There are 2 protein chains.
Amino acid sequence: MASEKWDQDKQTERNGLPSRSKGGEKMISSIAELIADRIGTMPAGERRAAQTLIASYPMIGLKTVAEFSATAGVSSPTILRFVARLGFQNYPEFQSSLQDELAAQLQSPATRTLNPPSPGGGTVSPMLEATLDNMRETFRHLSDGQLADIAARLVDRRGKTFLIGGRFTDPLARYMAAHLAVVQPDVFHLAGQESMWRDRLIDMGKRDVLVIFDIRRYQDSLARFAEKAHQRGVQIVLFTDQWLSPIARFARHVIAGRTAVPSAWDSSAALFVVAEMLIGAVTRQLEAEGAKRIREMESLR
Amino acid sequence: MASEKWDQDKQTERNGLPSRSKGGEKMISSIAELIADRIGTMPAGERRAAQTLIASYPMIGLKTVAEFSATAGVSSPTILRFVARLGFQNYPEFQSSLQDELAAQLQSPATRTLNPPSPGGGTVSPMLEATLDNMRETFRHLSDGQLADIAARLVDRRGKTFLIGGRFTDPLARYMAAHLAVVQPDVFHLAGQESMWRDRLIDMGKRDVLVIFDIRRYQDSLARFAEKAHQRGVQIVLFTDQWLSPIARFARHVIAGRTAVPSAWDSSAALFVVAEMLIGAVTRQLEAEGAKRIREMESLR
DNA sequence: CAAAATACGTAACATATGATACAGCGTCCC
DNA sequence: GGGACGCTGTATCATATGTTACGTATTTTG
């Protein structure tokens, strides 16, 4: 009776990561980091391979060399040179390493939740941390109800929607306008000279909504504009920072986002996220009509 | 754009699970369930294979038939009969299916976390969760070093900086341009008609940097532009999504942000945050000169 | 208990897959 | 502007890998 080992294969003395021998260097604990570390020293083709792998990490690396090379748009040998440069003896060894890493990840979902404790030198991590905190804080003070109200106001299509922003926040207004305009008519982004938008005031009335982005340092021109719009009965939705732009006084809805980050600039990321959610909420509510509209629009392109 | 399922992975028409043809039967959505369903009807050897796979699911299934058979203590043909009984045509097909399953899991970490749907049928929270996850994921694959490299490239002021974006991402380009233009000269945002920017190509050369934002659906016009710029030796920095815009091919640096959220739209929030960090990094490096410049600018206002 | 059917492993086979040699091309440097 | 170097793709090669055929062992059934 064959009590021996079956297809006994040479029992892979599975190596972990390739030798990062020297002391004093930074700790490399995953292939992704290894790549990030060396991507700077790679030639163009291999860098494409690296980027492709990182983009859908690590799945591509588990497929065959041929598939990998195809998605990366390079030849097979380039892929092999790439893994060789990472320090692996051959492709299967590289794949094994990826699998081990995956296995470890799957077993401890905890490690997925947050980044490695962020080494001291990291100039990025503190900023990322701050940004994430900002978002949590922003949403702690922002209920679903409020967002739903605003979304409802934007959906209620008896009037028009105008959007405008300040020096650095105008792109947010544009971003929101670009999306809203797809799902509903009468969405206008106010750009250009102050005199330009002031003239649009004449088109605005009670049933219209004006979305304003204004963070420090608040711009007088925006405040003036907001006041006039308010006088005409326009409903104002204000995106501002935690210190509240003076426009808050005229606004029907105020969204106060946290903006503090360890940088010379304030961060608009939290406001950006709120804007995206509003876009999402509006789109969802318009699903029925919106779908038709979107199809029409597609056929026009 | 709109109306696609949000975590929909482009490629892989790859057969999902084997034919669970009949209606009325219980839904099988993973290979693990499929096995649990059929393990009762399997002969001894295949059952050992099944148990082995379940025990360290799904890693063993990604290895070779030989390794699988060895760990299960059966012969290779038994493994093959096992996967055949599950309904797969051959072993590679079985592996692909496992990989797809894994990829789906990895891409929506939110679902792993098993968060209670949050009070009030909140439409907001899942989106916030997804957004935060996107950021964590994005930065997991993005090292300080890479950002520093790109920042250095932007700081190295022997050339000009051009920024451009797609239909919905152009505001990001604007946002970044607005900030960079404050701390350094020769920053240009390319807007308007395609013909407008194409004419600017003539000003671009080896020492210049072109920052492009391009996410699904990728715009041909941007790709054409990128290619021409690349031919002129312009250094391209690409902000894209995890599926990589075709422009990645020409890019010197690629930043792949996660964009999947439970909404009809893709989210650019992660890219926005990266952009802010880049702005911060550049500003920091230019501190000395920058401070002077900013003071000058202040006095001009 | 005998005979048939099923299950399983051994060994040979075909091929998909990774590895290598080499030549063309672009780039950098002198 | 010319020569050397390095990078990349094509074509070829070796082999690891999945697959199949077949004979033996085991279980099932009348």
Side-chain angles (χ1 to χ4, degrees), chain A residues 1-14 38-53 60-99, chain B residues 38-53 60-99 205-207 227 230-235 248-250 252:
Chain A
M1 171 68 170
S3 60
E4 272 124 20
K5 287 165 290 173
W6 314 102
D7 294 299
Q8 170 70 323
D9 78 6
K10 41 34 191 327
Q11 203 58 342
T12 53
E13 54 331 34
R14 182 131 305 130
R38 302 196 182 175
I39 195 171
T41 72
M42 294 182 186
E46 300 179 28
R47 195 159 43 219
R48 293 235 299 273
Q51 285 159 349
T52 311
L53 175 56
I60 295 279
L62 299 179
K63 302 191 187 293
T64 69
V65 174
E67 287 186 74
F68 191 165
S69 67
T71 19
V74 298
S75 67
S76 328
T78 298
I79 298 296
L80 297 180
R81 283 188 284 260
F82 163 65
V83 305
R85 187 179 303 258
L86 290 180
F88 296 97
Q89 293 301 321
N90 49 31
Y91 195 71
E93 183 181 308
F94 161 73
Q95 287 188 317
S96 292
S97 211
L98 275 182
Q99 288 186 8
Chain B
R38 302 194 182 178
I39 197 172
T41 74
M42 293 182 187
E46 300 180 27
R47 195 171 321 154
R48 286 176 67 184
Q51 285 161 348
T52 310
L53 175 56
I60 295 280
L62 300 178
K63 301 190 187 294
T64 68
V65 173
E67 289 186 73
F68 192 167
S69 66
T71 19
V74 298
S75 68
S76 324
T78 298
I79 298 296
L80 296 182
R81 282 188 284 263
F82 163 66
V83 306
R85 188 181 302 261
L86 290 180
F88 295 97
Q89 293 300 321
N90 49 31
Y91 194 72
E93 183 180 308
F94 161 73
Q95 287 189 316
S96 292
S97 212
L98 276 181
Q99 287 187 11
K206 283 206 223 314
R207 359 199 67 161
E227 180 165 14
H230 174 67
Q231 283 164 2
R232 294 186 63 90
V234 178
Q235 309 266 1
R249 180 179 187 75
F250 311 118
R252 185 96 169 69

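As the structure is a prediction and not an experimental result, all values here were calculated from the model. Numbered from 1 within each chain, the chains take letters A, B, ... in sequence-line order.
When side chains are defined from C-beta on, A:Ile39 counts as touching A:Gln51, because their heavy atoms get closer than 4.5 Å.
A distance of 10.5 Å separates CZ in A:Arg85 from CZ in A:Arg47, rounded to the nearest 0.5 Å. A distance of 6.0 Å separates OG1 in A:Thr52 from CZ in A:Phe68, rounded to the nearest 0.5 Å. Here OG1 of B:Thr64 is found 11.0 Å from CD of A:Gln95. Values are rounded to the nearest 0.5 Å. Rounding to the nearest 0.5 Å gives a distance of 9.5 Å between CD1 of A:Ile60 and CD1 of A:Ile79. Rounded to the nearest 0.5 Å, atoms CG (A:Leu53) and CG (A:Leu86) are 8.5 Å apart.
Between the P atom of C:dG26 and the NE2 atom of B:His230 lies a distance of 12 Å, rounded to the nearest Å. Look at CZ on B:Arg48: it is 8 Å from P on C:dG9, rounded to the nearest Å. What separates CD of A:Glu93 from P of D:dA16 is a distance of 15 Å, to the nearest Å. Residue B:Leu62 contributes atom CG, which lies 16 Å from atom C1' of D:dT17 at whole-angstrom precision. Atom C1' of nucleotide D:dT17 and atom CD of B:Glu67 are separated by 11 Å, given to the nearest angstrom. Spacing between atom CD1 of A:Ile79 and atom C1' of D:dC7 amounts to 14 Å, rounded to whole angstrom units. Note: CZ (B:Phe82) to C1' (C:dG9) measures 18 Å, nearest angstrom. As rounded to whole Å, 17 Å separates atom C1' of D:dG9 from atom CZ of A:Phe68.
Between the side chain of B:Arg81 and the backbone N or O of B:Glu46, no donor-acceptor pair lies under 3.5 Å. Side chain of B:Gln235 to backbone of B:Arg207: no donor-acceptor contact under 3.5 angstrom is found.
When each of C:dG9, D:dG9, C:dA7 is scored by its nearest atom to the side-chain atoms of B:Ser75, the top-ranked nucleotide is C:dG9.
Contact annotation: B:Thr78 reaches the phosphate of C:dG9 (side-chain N/O to OP1 or OP2, under 4.0 Å).
The aromatic rings of B:Phe94 and B:Phe82 sit perpendicular to each other, their planes meeting at more than 60°, with 30° as the lower class boundary.
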Which atoms of nucleotides 18-22 of chain D (N or O only) lie under 3.5 Å from a protein N or O atom, and what are those distances?
residue: D:dG18; atom: OP1; partner: B:Val65; partner atom: N; Å: 3.4
residue: D:dG18; atom: OP2; partner: B:Val65; partner atom: N; Å: 2.8
residue: D:dT19; atom: OP1; partner: B:Tyr91; partner atom: N; Å: 3.3
residue: D:dT19; atom: OP2; partner: B:Tyr91; partner atom: N; Å: 3.1

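Taking the C1' atoms of five terminal pairs at each end of the helix from C:dC1-D:dG30 to C:dC30-D:dG1, the two resulting helix axes are inclined by 30°, rounded to 10°.
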